[in-house]
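Contents: one structure, followed by commentary.
The structure displayed is predicted, hence computed values, not measured ones.
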Amino acid sequence: MRCFDDENVIHVAGKVDPVSDIEVIQTELCLADLATVEKALARYVKPAKAGDKEAQRLVDVLNKCQAALDQASPVRAIAFSKEEQVVLKPLCLITAKPAMFVANVAENGFEGNPYLDRLREYAAKQNAPVVAISAKTESELADMSPEDKLLFLQEMGQTEPGLDRLIRAAFKLLGLQTYFTAGVKEVRAWTIHVGDTAPQAAGVIHTDFERGFIRAQTIAYDDFVAYGGEQGAKDAGKMRAEGKEYVVKDGDVMNFLFNV
């Protein structure tokens, strides 16, 4: 969403208003979901009245969705119980999905920006994170060497590029994390869900790894770097043997032992 003023950059609506821009898109999505909800209600209202318990639970959830969507409010803004979330999931409603808003600000627009403040206030009502980036700055960073990039960010009072913050926020929103496997030839990053166990993480590489899981040799990322790799961490006693119940932590470096 645009959150900066610039007379040289024309806005299609003639004025800068990030919330209005979102509402235009969101209204279309709400109308699409409303059609899905009304179709489902037409199918399940009669069985619910006849005493079908599952239909009754679904109709209760659908009625909540319909009331919100009629007001162009997304389904994700509704506080559903865990049981209701299970009932809602098969409907695959667009506005029930997690949302994140990205604010495009001027180079000096990260603080004291009324457009950004308004966007954050609006997003909070939907439990949606806001990530502020400067597209102009990101464009300049893309052509810099790592050394120049770091210096440039320091001059702007930032520690990392906006793209990195965007990726991190997206991972958090989706409940994802990363673990690593490291060998002589390559280091690989693997994406898993927060809360996954070691066998589940192994299964991302190959289902045989999960099926025949024995244990995982695990090193924390910071230790892996500090001690110069796997052998150094092992010599320092930083390698751990973890079993099937181990919950993988973000940044773990893992070697899986399995037998099928």
When rounded to the nearest 0.5 angstrom, what is the spacing between CG in Asn113 and CG in Leu119?
-> 9.5 Å
Between Phe110 and Phe4, is there a shared hydrophobic cluster once you connect ILVMFWY residues whose side-chain heavy atoms come closer than 4.5 Å?
-> no
May I ask you to test the Glu140-Lys136 pair for a side-chain heavy-atom distance under 4.5 Å?
-> yes
Between Arg211 and Asp208, does at least one N-O distance fall below 4.0 Å, as a salt bridge requires?
-> yes
When Asp252, Asp196, Thr197 are each screened for side chain to side chain donor-acceptor pair (under 3.5 Å) with Tyr246, the one that passes is Asp252
Scan side-chain atoms only and decide if Asp5 and Tyr115 contain a donor-acceptor pair under the 3.5 Å cut-off.
-> yes
Salt bridge (Lys or Arg N to Asp or Glu O under 4.0 Å): pairs with one or both residues in residues 109-121, sequence neighbours excluded = Asp17-Arg118
Please examine the side chains of Tyr122 and Val130, heavy atoms only from C-beta on, and report whether any two atoms are closer than 4.5 Å.
-> no
Can you check salt bridge (charged side-chain N to carboxylate O under 4.0 Å, His left out) on Arg168 and Glu160, steps first, answer last?
-> CA-CA 11 Å; Arg168 189 173 291 109; Glu160 61 181 349; 2.8 Å; yes
Same apolar cluster (I L V M F W Y, side chains within < 4.5 Å links), Phe180/Phe213 = no
If you measure from CG on Leu163 to CG on Leu141, what distance do you get to the nearest 0.5 Å?
-> 10.0 Å
Write down the atom of Thr95, the atom of Val75, and the distance for their closest heavy-atom approach.
-> OG1-N, 3.1 Å
In Å, rounded to the nearest 0.5 Å, how long is the span from CD1 of Ile167 to CG of Leu176?
-> 12.5 Å
Leu173 and Ala99: which non-hydrogen atoms are nearest, and at how many Å?
-> CD2-O, 3.6 Å
Are the side chains of Leu58 and Glu54 in touch, meaning some heavy atoms are under 4.5 Å apart?
-> no
Taking C-beta and beyond as the side chain, do Lys97 and Arg76 meet within less than 4.5 Å on heavy atoms?
-> no
Treating Ile, Leu, Val, Met, Phe, Trp and Tyr as nodes and any side-chain heavy-atom pair under 4.5 angstrom as an edge, say whether Leu93 and Ile78 lie in one connected cluster.
-> yes
Same cluster (ILVMFWY, side-chain, under 4.5 Å), Met1 and Ile133 = no
Carefully, step by step, assess Gln66 and Asp70 under the rule side chain to side chain donor-acceptor pair (under 3.5 Å).
-> CA-CA 6 Å; Gln66 186 181 44; Asp70 274 336; 4.8 Å; no
Atom CD of Glu242 and atom CZ of Arg215: how far apart are they, to the nearest 0.5 Å?
-> 11.5 Å
Given the rule that I, L, V, M, F, W and Y join up when any side-chain heavy atoms are under 4.5 Å apart, are Val59 and Val87 in one cluster?
-> yes
To the nearest 0.5 Å, tell me how far Lys234 NZ sits from Asp223 CG.
-> 15.5 Å
side-chain contact (heavy atoms from CB on, under 4.5 Å) between Gln200 and Ile192, worked out = CA-CA 8 Å; Gln200 290 172 319; Ile192 59 173; over 6 Å; no
Check against side-chain contact (heavy atoms from CB on, under 4.5 Å), Asp250 and Val194 = CA-CA 8 Å; Asp250 189 54; Val194 174; over 6 Å; no
Any side-chain heavy-atom pair of Thr218 and Val248 under 4.5 Å | no
Measure the shortest side-chain to side-chain distance between Leu29 and Gln26 over non-hydrogen atoms and say whether it is less than 4.5 angstrom.
-> no
Got a sec, which residues hit salt bridge (Lys or Arg N to Asp or Glu O under 4.0 Å) with Lys64, two or more places apart in sequence or on another chain?
-> Glu84
Answer whether the closest heavy-atom distance between the side chains of Gln126 and Phe101 falls below 4.5 Å.
-> yes
Hey, does Thr137 have a side-chain heavy atom less than 4.5 Å from the side chain of Phe152?
-> yes
Verdict with reasoning, Phe80 to Val61, per side-chain contact (heavy atoms from CB on, under 4.5 Å) = CA-CA 8 Å; Phe80 289 113; Val61 171; 3.9 Å; yes
What are the two closest heavy atoms between Cys3 and Ala103, and how far apart are they?
-> SG-CB, 3.8 Å
Side chains of Asn255 and Gln217, donor plus acceptor under 3.5 Å | yes
